[in-house]
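Computed from a prediction, not measured in an experiment: that's the story for all the values here. The figures here come from the full heavy-atom set of this structure, side chains too, leaving out hydrogens, waters and symmetry mates.
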Amino acid sequence: MTTPMVRADRVCKHYGELQVLRGISLEIERGQVLCLIGPSGSGKSTFLRCINHLERVDAGRLYVDGELVGYSERGGKLHELSPRAAARQRRDIGMVFQHFNLFPHRSVLENIVEAPVLVKKVPRAKAVAQARELLDRVGLSSKADAYPVQLSGGQQQRVAIARALAMEPKLMLFDEPTSALDPELVGEVLGVMKELAQDGMTMVVVTHEMGFAREVADRLVFMDGGVVVEAGEPRELLANPRHDRTKAFLSKLL
């Protein structure tokens, strides 16, 4: 059997007395697209951030490509990795945030080139060539010299996707990538994500776009209250949810 790209084993996370994740266990296979849905505060984004150790887990274990995330295990005890070691793990995991997080003082091309050159020590000429290929892939080859402020929200998010892909990740995480966009700009971002899925990229997507989940996802997970309430094949789950909490949530969206 092949190793899952992501394996969560009873993952818990709390902030003070607030328990946000209550024992999440799930697996994501290579090349699979998994969409996480659920109400605000259900723990979706927190779980996503735990996958690349932007948030540290308080109990349980998370593995990416068979490697324990954020910790080493010795004698049955977990020891948190140094920031440098955690960053080295994280460079194989691309993440696209809700609000783009582009460097405003750098051009589109410079935004994409910086991490491969500084982190992976890719020769600058090669990184620039790869960046131009990625911009062409996301339909923004004419915007290489523009600055983020000169772009629409949809264009900025497509640059953010290109920037994440420049690190050649094995896994892509999307945290509500269209929620900050005007409705008419959502389609251009989802189009890029659909192409990534068709190319076999393993993706975990926190989203409220049920059409995208139905069409592109291999698996749909509904979370509420820090637990997985229901999971299954997207079309089946959306058409015939079994749990009352799932039914109530979807009734407000569909």
Side-chain angles (χ1 to χ4, degrees), residues 6 33-36 44-55 64 87 89-120 122 124 127-209 212-213 216-217:
V6 178
V33 178
L34 181 139
C35 281
L36 293 170
K44 309 180 302 296
S45 294
T46 298
F47 176 66
L48 202 70
R49 292 170 67 86
C50 286
I51 293 176
N52 65 356
H53 202 56
L54 287 177
E55 298 284 355
V64 170
Q89 273 190 341
R90 199 176 291 124
R91 71 185 186 183
D92 292 325
I93 305 171
M95 187 157 185
V96 177
F97 299 89
Q98 183 176 347
H99 291 290
F100 326 136
N101 290 10
L102 299 176
F103 299 121
H105 61 293
R106 297 190 183 279
S107 71
V108 164
L109 190 69
E110 290 166 342
N111 262 280
I112 299 171
V113 164
E114 182 161 355
V117 171
L118 294 181
V119 178
K120 298 185 77 172
V122 175
R124 183 172 178 81
V128 167
Q130 290 174 333
R132 292 191 184 280
E133 290 177 7
L134 287 168
L135 283 173
D136 185 55
R137 184 175 180 181
V138 300
L140 291 172
S141 54
S142 65
K143 300 294 185 180
D145 297 324
Y147 284 80
V149 71
Q150 298 171 303
L151 305 179
S152 70
Q155 290 171 332
Q156 289 187 62
Q157 194 62 293
R158 283 186 282 156
V159 172
I161 293 173
R163 182 178 63 177
L165 292 174
M167 292 294 284
E168 299 181 330
K170 62 178 82 171
L171 169 68
M172 285 285 285
L173 310 176
F174 293 86
D175 190 6
E176 301 196 38
T178 61
S179 64
L181 301 179
D182 292 333
E184 66 269 22
L185 302 178
V186 168
E188 61 189 49
V189 174
L190 294 181
V192 172
M193 294 171 64
K194 289 176 185 177
E195 290 183 8
L196 286 178
Q198 291 165 0
D199 291 343
M201 175 64 75
T202 309
M203 298 161 58
V204 187
V205 185
V206 174
T207 187
H208 292 294
E209 299 291 339
F212 175 84
V216 180

Give, for atom SG of Cys35 and atom NE2 of His208, the distance between the pair rounded to the nearest 0.5 Å.
-> 11.5 Å
Starting from the C-alpha separation in whole Å, work towards a yes-or-no answer on side-chain contact (heavy atoms from CB on, under 4.5 Å) for Val138 and Leu134.
-> CA-CA 6 Å; Val138 300; Leu134 287 168; 5.9 Å; no
Less than 4.5 Å apart, any side-chain heavy atom of Val96 and any of Arg163?
-> no
Would you say the side chain of Leu171 lies within less than 4.5 Å of the side chain of Ile51, judging by non-hydrogen atoms?
-> yes
Between Arg90 (side chain) and Asn52 (backbone), is there a donor-acceptor pair under 3.5 Å?
-> yes
Any side-chain heavy atom of Phe100 within less than 4.5 Å of one from Leu181?
-> yes
CD-CG distance between Gln156 and Asn101, expressed to the nearest 0.5 angstrom = 10.5 Å
Quick one: are Val159 and Lys143 in side-chain contact, heavy atoms under 4.5 Å?
-> no
Would you please say whether a donor-acceptor pair under 3.5 Å links the side chains of Thr46 and Glu55?
-> no
Where Phe103 and Asn111 come nearest, the two heavy atoms and their spacing = N-OD1, 2.8 Å
So which heavy atom on Val206 is nearest to which on Lys44, and how close?
-> CG1-CE, 3.6 Å
Do Val108 and Leu135 come close enough that some side-chain heavy atom pair is under 4.5 Å?
-> yes
Ala144 and Arg132 have their tightest heavy-atom pair at CB-NH1, 3.7 Å
By salt bridge (Lys or Arg N to Asp or Glu O under 4.0 Å), which residues pair with Arg91, not counting sequence neighbours?
-> none
Is there a side-chain contact between Phe212 and Val205, using heavy atoms and a 4.5 Å cut-off?
-> yes
May I ask you to test the Val119-Met167 pair for a side-chain heavy-atom distance under 4.5 Å?
-> yes
Ser45: partners by side chain to side chain donor-acceptor pair (under 3.5 Å), with sequence neighbours left out = Asp175
Are side-chain heavy atoms of Val204 and Leu36 found at a separation under 4.5 Å?
-> yes
Spatial distance of atom CG (Asp92) from atom NZ (Lys120) [nearest 0.5 Å] = 6.5 Å
Table please: side-chain donor-acceptor pairs of residues 189-203 below 3.5 Å, with sequence neighbours left out.
from: Lys194; atom 1: NZ; to: Glu215; atom 2: OE1; distance (Å): 3.2
from: Asp199; atom 1: OD2; to: Arg137; atom 2: NH2; distance (Å): 2.7
from: Thr202; atom 1: OG1; to: Gly31; atom 2: N; distance (Å): 2.7

Do the side chain of Glu133 and the main chain of Val128 share a donor and acceptor less than 3.5 angstrom apart?
-> no
Would you say the side-chain atoms of Ser152 pair up with the backbone N or O of Gln155, donor to acceptor, closer than 3.5 Å?
-> yes
What are the two closest heavy atoms between Ala164 and Gly94, and how far apart are they?
-> CB-CA, 4.2 Å
Kindly say whether Ser179 contributes a backbone atom to a donor-acceptor pair with the side chain of Gln98 at under 3.5 angstrom?
-> no
Identify the two heavy atoms, one from Leu109 and one from Ala131, that lie closest to each other, and give their separation to 0.1 Å.
-> CD1-CB, 3.6 Å
Short side-chain to backbone donor-acceptor contact, Gln150 and Tyr147, under 3.5 Å | yes
With respect to Ile93, which candidate in Val6, Leu54, Leu173 satisfies the side chain to side chain contact (heavy atoms under 4.5 Å, CB included) definition?
-> Leu173
In short, Leu102 meets Pro148 closest at the heavy-atom pair CB-CG, 4.0 Å
